[in-house]
Amino acid sequence: MKHAKIPDLNNTLLKISSIYTSLTKSEQKVADVVMKEPEAAVFYTITDLSEKAGVGETSVIRFCRKLGFKGYQEFKLSVAQNLSTPSQNIHGDIQDEDELSVVVKKISAMNRQNIENTTTLLDEENLRKAISIIREAKKLYFFGVGSSGITAIDGKYRFMRLGYDCSAENDAHIIAMNAALLKKGDVVIGVSTSGSTKDLVDALEIAKRKGARILCLTSHARSPVTQFADVVLLTASKESPLQGGSFSSKMSQIHALDVLSTAVALGQKERTYEALEMTAKAVLDKLY
């Protein structure tokens, strides 16, 4: 089965991150050198890069072509153009000796960059397809395991307030049972940072067979979860030693959901305003 369409990203460094897990070991070595030293890499010859990575020149060419470039020179030009963009700042990792004020600034900088990277990754064509699918949905099912399951619950909350019939599950067995009961017209939003969570992949395969439409929120463009998706929405995932990836990934996912739910609401103002008003009134007496 073919993977869903992956957006044609203008940012080559983000594109490398999004397809990294699908690269061969030799190609990953090339990617590691480029990601670690992008400023230096733009001055390397193909021989320089292959030697730095410890691979053959053919591996470098295959790496460039997997990114959608005709050759090495086109790849280098794209990286150079990305580096000339002010937003592409590379912030230092958090060190044990950093003062608290430095830690705060570094985390804030990384989180801001993460949101900006997710904005770059959110392809407009894929967003429009996702919006159209959601508007036609009979029921929305949000599936996620572990930390992504918390995002799934947040997704349910957002779209329920817009008047949609929603369900959110983060238990692998319940996800599987829900998938088995899906009908044509139902829509599944699968959330997985890695895109390789077996419980979710298996459930989406079942959902696909049942005729459900599938959107997936992931940080890896060619991960197993995308092969069953009608639409892939990519989110950035930047891990730091203190974050362990979870919070950073969740920020990206929630940002994407915020964009998606807002866009859906703007296209159905009458319906969503009425639903928002009713849900707001329903909890008025729960507040002091």
Side-chain angles (χ1 to χ4, degrees), residues 1-11 14-15 17-19 21-22 68 117-145 148-149 151-152 154-156 158-159 162 164-169 175 178-179 182-197 200-237 249-250 252-268:
M1 186 178 292
K2 293 182 179 180
H3 292 270
K5 176 187 177 291
I6 304 303
D8 182 19
L9 304 176
N10 292 323
N11 190 305
L14 286 181
K15 187 184 289 188
S17 296
S18 75
I19 70 166
T21 56
S22 71
N117 288 347
T118 296
T119 300
T120 300
L121 287 167
L122 287 173
D123 177 71
E124 187 172 335
E125 181 184 347
N126 281 354
L127 271 171
R128 290 186 186 280
K129 288 180 181 178
I131 292 165
S132 177
I133 288 172
I134 288 173
R135 286 176 181 165
E136 296 170 0
K138 291 181 179 177
K139 183 171 182 177
L140 299 177
Y141 290 82
F142 290 85
F143 293 163
V145 178
S148 293
T151 305
D154 192 73
K156 172 193 171 181
R158 287 165 184 263
F159 281 91
L162 298 181
Y164 283 86
D165 185 5
C166 300
S167 172
E169 303 296 346
I175 287 173
N178 269 270
L182 290 171
K183 301 178 180 65
K184 192 172 183 180
D186 292 333
V187 173
V188 174
I189 295 92
V191 185
S192 173
T193 301
S194 69
S196 301
T197 306
L200 182 63
V201 175
D202 290 347
L204 294 190
E205 182 177 11
I206 295 169
K208 193 74 172 179
R209 289 202 304 266
K210 290 290 183 176
R213 304 293 297 278
I214 298 172
L215 314 179
C216 82
L217 219 59
T218 183
S219 297
H220 297 279
R222 300 189 185 280
S223 54
V225 76
T226 65
Q227 66 183 313
F228 301 110
D230 295 288
V231 178
V232 175
L233 297 178
L234 288 175
T235 59
S237 177
S249 300
K250 192 174 309 310
S252 296
Q253 293 167 350
I254 290 174
H255 177 61
L257 282 174
D258 195 11
V259 171
L260 187 60
S261 60
T262 301
V264 168
L266 288 173
Q268 298 178 318

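Just so you know, residue 1 is the first one in the sequence shown, and it goes up from there. Computed from a predicted model, the values in this text were never measured in an experiment.
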Colleague: Quick check on Lys210: does its NZ atom have over 12 non-hydrogen neighbours (other residues, nucleotides or ligands) under 6.0 Å away?
Modeller: no

Colleague: How many angstroms lie between CZ in Arg209 and CZ in Phe228, if you round to the nearest 0.5 Å?
Modeller: 8.5 Å

Colleague: What do you reckon, is CZ of Arg128 surrounded by more than 12 foreign heavy atoms closer than 6.0 Å?
Modeller: no

Colleague: Could you check Asp202, Asp230, Asp186 and say which one makes a salt bridge (charged side-chain N to carboxylate O under 4.0 Å, His left out) with Lys208?
Modeller: Asp230

Colleague: Taking all non-hydrogen atoms of both residues into account, name the closest pair between Ile175 and Gly144 and its distance.
Modeller: CD1-O, 3.8 Å

Colleague: Quick check for you: to the nearest 0.5 Å, what is the distance between Ile206 atom CD1 and Leu182 atom CG?
Modeller: 9.0 Å

Colleague: Can you list, pair by pair, the side-chain donor-acceptor contacts under 3.5 Å of residues 258-266, counting residues two or more places apart and other chains?
Modeller:
| residue | atom | partner | partner atom | Å |
| --- | --- | --- | --- | --- |
| Asp258 | OD1 | Arg158 | NH1 | 3.4 |
| Asp258 | OD1 | Thr262 | OG1 | 3.4 |
| Ser261 | OG | Leu257 | O | 2.9 |
| Ser261 | OG | Asp258 | O | 3.3 |
| Thr262 | OG1 | Asp258 | O | 2.7 |

Colleague: I'd like to know if the side chain of Ser18 and the backbone of His220 have a donor-acceptor N/O pair within less than 3.5 Å.
Modeller: no

Colleague: Rounded at 0.5 Å granularity, tell me how far CD1 in Ile133 sits from CD1 in Ile214.
Modeller: 10.0 Å

Colleague: Please report the interatomic distance NZ(Lys156) to CD(Glu169), rounded to the nearest 0.5 Å.
Modeller: 7.5 Å

Colleague: Please identify each residue that fulfils ring-ring contact (aromatic ring centres under 6.0 Å, His included) with Phe143, with sequence neighbours left out.
Modeller: none

Colleague: Could you go step by step and tell me if Tyr164 and Ile134 meet the side-chain contact (heavy atoms from CB on, under 4.5 Å) rule?
Modeller: CA-CA 9 Å; Tyr164 283 86; Ile134 288 173; 4.0 Å; yes

Colleague: Please say which of Thr118, Thr151, Leu233 ends up in a side chain to side chain contact (heavy atoms under 4.5 Å, CB included) with Gln253.
Modeller: Thr151

Colleague: For a quick test of reading the model, state the closest non-hydrogen atom pair linking Phe142 to Ala152 and the distance between them.
Modeller: CB-O, 3.4 Å

Colleague: Does the Thr218 side chain pair with the main chain of Ser192, one donor and one acceptor, at a distance under 3.5 Å?
Modeller: yes

Colleague: Using a 4.5 Å cut-off on heavy atoms from C-beta on, say whether the side chain of Arg135 contacts that of Gln268.
Modeller: yes

Colleague: Looking only at heavy atoms, what is the nearest atom pair of Cys216 and Ala229, with distance?
Modeller: SG-CB, 3.8 Å

Colleague: What distance separates Glu205 CD from Gln227 CD, expressed to the nearest 0.5 Å?
Modeller: 7.0 Å

Colleague: Quick one: does any side-chain atom of Thr226 pair with a main-chain N or O of Ser223 as donor and acceptor, under 3.5 Å?
Modeller: yes

Colleague: For a 4.5 angstrom cut-off between non-hydrogen side-chain atoms, does Thr197 reach Ser148?
Modeller: no

Colleague: Looking only at non-hydrogen atoms, find the nearest pair between Gly195 and Val201 and report the distance.
Modeller: O-CG2, 4.0 Å

Colleague: Just verifying a value: how many Å separate Leu14 CG and Asn117 CG, rounded to the nearest 0.5 Å?
Modeller: 4.5 Å

Colleague: Determine whether the side chains of Ser219 and Thr235 contain a donor N or O and an acceptor N or O closer than 3.5 Å.
Modeller: yes

